[in-house]
2 protein chains.
Amino acid sequence: MSGDWRADKRARTRARIQEAALELFLEQGFDATTVARIAERAGVSHMTFFRYFPTKEDVVLQDGYDPMLEEMIRSRPAGEPPVTRIRTAVRDGLALVYDADRDALLARTRLLLSTPGLRAGLWENQEGTQRLFERALGGPDADGRSPLRVRAAAAACLAALVTALTAWVEGDGAEPLPDLVDEAFDALRAEFG
Amino acid sequence: MSGDWRADKRARTRARIQEAALELFLEQGFDATTVARIAERAGVSHMTFFRYFPTKEDVVLQDGYDPMLEEMIRSRPAGEPPVTRIRTAVRDGLALVYDADRDALLARTRLLLSTPGLRAGLWENQEGTQRLFERALGGPDADGRSPLRVRAAAAACLAALVTALTAWVEGDGAEPLPDLVDEAFDALRAEFG
DNA sequence: TTTTTTGTGTTAGTCAATAACATGTTACTG
DNA sequence: CAGTAACATGTTATTGACTAACACAAAAAA
């Protein structure tokens, strides 16, 4: 088989570029770091960089959390109200990353939220997450929910998630992230109930 | 006084650039239109373009709706629940633009939502709108609402607004926009109640 | 009139992103 | 094993957004 070999190498090159980029971004800031410099540190040419990541922003934006989130939503009891399933899955999924990698998550999220260019890309990137929520809301037990209703609820869940992340970063990670997620979802229940 | 004369001329130049840009964007698409071409049609140099708009995206993104929205929120009865005030203000404010300028609003919104670069900038731009909602929620009668709760609710309102706009564009403007805003807010009440 | 302010143009530059083409390296095939 | 196809990477050149430096003109203020 050939794929194994190549896929492995590809994955390693990809990781090397991503690490080099994150280091440089944290050292000098996103805007002050050129793609050429990242490529240099990763030991590749700037063209190779763009073959792995379509834009400079994507090096930071691509997190692979969606599959895990989807799994966590699926594993929730079927009877639960959809929004609750999403809420719990988000809280517990984030808790996993939080426990394993708190500091890295904090640094990356701070970078993401404090750099205008990256913030903008964030929402673009989370279109995937929104559709994931829509599937959870409009799936099997979508009792008469209109598409608009499904989308509005999914967008609100995403808003809660991002709000929690923002508050977490602004408090410098003092409060436990999962608690903030809970608070954000509670806020929507209280305000829209 | 000097300012009057100058301010007028500035405003006219600004409007000329914005019109030229919108025309070209609708004719050829956002990406296919260069700043140089916009400047040419507006009769200015490309440097002048950037003196009026910091980025190419800002020509489309800058709508001046926030002051009107703020006024409409303020003019709501004080006893009303904050989310209802926002909801009504958004619906009625949008209805004003809708009645006066439906086709232009549709074209501009479609352009905004269908161009990746502009979509990304949308959220960045609406940070102002979100803070406006936060003022409405956390203002005088913020009975024990935590900052996080205020922000989560404001973000959800914004999500409802954008969801309604998206649905409106996707349906090619068939449904009246104000109705969609109502539906989106109803969805949140139903889903989070 | 002189001086300063303000708006604009010109020119030259940086940097992200794309395209075209060359090269080396690994995998298949006879 | 020779040869060829497939793939990853590099080199070079180009476009286009955006910035900085400096020059110039016209109107405002002195």
Side-chain angles (χ1 to χ4, degrees), chain A residues 1-18 20-22 24-25 27-62 111 115-122 124-125, chain B residues 1-18 20-22 24-25 27-62 111 115-122 124-125:
Chain A
M1 306 313 139
S2 58
D4 267 8
W5 198 230
R6 294 204 195 276
D8 257 33
K9 181 170 183 172
R10 262 192 87 78
R12 259 182 287 117
T13 306
R14 186 193 166 82
R16 222 168 54 239
I17 295 175
Q18 209 159 21
L22 271 181
L24 286 166
F25 290 163
E27 285 171 22
Q28 334 173 318
F30 180 80
D31 294 322
T33 304
T34 70
V35 170
R37 185 81 190 70
I38 299 171
E40 187 191 355
R41 179 174 293 200
V44 297
S45 80
H46 87 120
M47 271 309 299
T48 298
F49 175 95
F50 284 113
R51 288 199 179 99
Y52 281 85
F53 301 95
T55 72
K56 185 179 159 187
E57 300 175 0
D58 281 303
V59 188
V60 199
L61 289 172
Q62 289 181 17
L111 179 68
T115 308
L118 291 174
R119 263 174 86 122
L122 216 182
E124 196 63 10
N125 182 276
Chain B
M1 300 312 143
S2 57
D4 266 9
W5 220 215
R6 294 204 194 274
D8 257 34
K9 180 171 182 173
R10 261 193 87 79
R12 259 180 288 118
T13 306
R14 186 194 167 82
R16 220 169 55 239
I17 295 175
Q18 209 158 23
L22 272 181
L24 286 167
F25 290 163
E27 286 170 20
Q28 331 173 320
F30 180 79
D31 294 322
T33 305
T34 70
V35 170
R37 185 82 191 70
I38 298 170
E40 186 191 356
R41 180 175 293 200
V44 297
S45 81
H46 88 124
M47 272 308 299
T48 298
F49 176 95
F50 284 113
R51 288 199 179 98
Y52 281 86
F53 300 95
T55 72
K56 184 179 160 188
E57 300 175 359
D58 281 303
V59 188
V60 198
L61 289 172
Q62 290 181 18
L111 178 68
T115 308
L118 291 174
R119 263 174 85 126
L122 216 183
E124 197 61 12
N125 183 276

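By convention in this document, chain letters (A, B, ...) are assigned in the order of the sequence lines, proteins followed by strands, and residues within each chain are numbered from 1.
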Partner set under side chain to side chain donor-acceptor pair (under 3.5 Å) for [X], not counting sequence neighbours:
| X | answer |
| --- | --- |
| A:Asp31 | none |
| A:Thr115 | none |
| A:Thr34 | none |

Please report the distance, rounded to the nearest Å, between [atom1] in [X] and [atom2] in [N].
| X | N | atom1 | atom2 | answer |
| --- | --- | --- | --- | --- |
| B:Lys9 | C:dG7 | NZ | C1' | 7 Å |
| B:Ile17 | C:dG7 | CD1 | C1' | 12 Å |
| B:Lys56 | C:dA16 | NZ | P | 18 Å |
| B:Tyr52 | C:dG9 | OH | C1' | 13 Å |
| A:Phe49 | C:dA17 | CZ | P | 8 Å |
| A:Arg10 | C:dT26 | CZ | C1' | 15 Å |

Legend entry - Residues in contact with DNA chain D, drawn from residues 34-44 of chain A - heavy-atom cutoff 4.0 Å: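 Contacts with DNA chain D under 4.0 Å: A:Gly43, A:Val44.
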Inset, instruction - Taking only the side-chain nitrogens and oxygens of B:Thr48, find out if one of them lies under 4.0 Å from OP1 or OP2 of C:dG9. - result: yes
Legend entry - B:Gln18 side chain near B:Phe53 side chain, heavy-atom distance below 4.5 Å: yes
Legend entry - Student check: side-chain heavy atoms of A:Thr55 and A:Asp58 closer than 4.5 Å: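 A:Thr55 reaches A:Asp58 side chain to side chain.
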Legend entry - Test: B:Glu27 and B:Arg37 ion pair at under 4.0 Å: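 Salt bridge flag = no for B:Arg37 with B:Glu27.
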Legend entry - With A:Arg14 via salt bridge (Lys or Arg N to Asp or Glu O under 4.0 Å) - residues at least two apart: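 With sequence neighbours excluded, A:Arg14 shows a salt bridge (Lys or Arg N to Asp or Glu O under 4.0 Å) to no residue whatsoever.
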Inset, instruction - Look at all strands and tell whether B:Phe53 reaches a base, only sugar-phosphate, or nothing, counting heavy atoms closer than 4.0 Å. - result: nothing
Inset, instruction - If the plane angle is over 60° it's perpendicular, under 30° parallel, otherwise tilted; pick one for A:His46 and A:Phe50. - result: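 A:His46 vs A:Phe50 ring planes: perpendicular.
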Inset, instruction - For A:Leu111 and A:Val60, work out which heavy atoms get closest and say how close. - result: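 The answer is CD2-CG1, 4.0 Å.
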Would you list the protein and nucleotides 18-25 of chain C atom pairs, both N or O, that sit under 3.5 Å from each other?
none

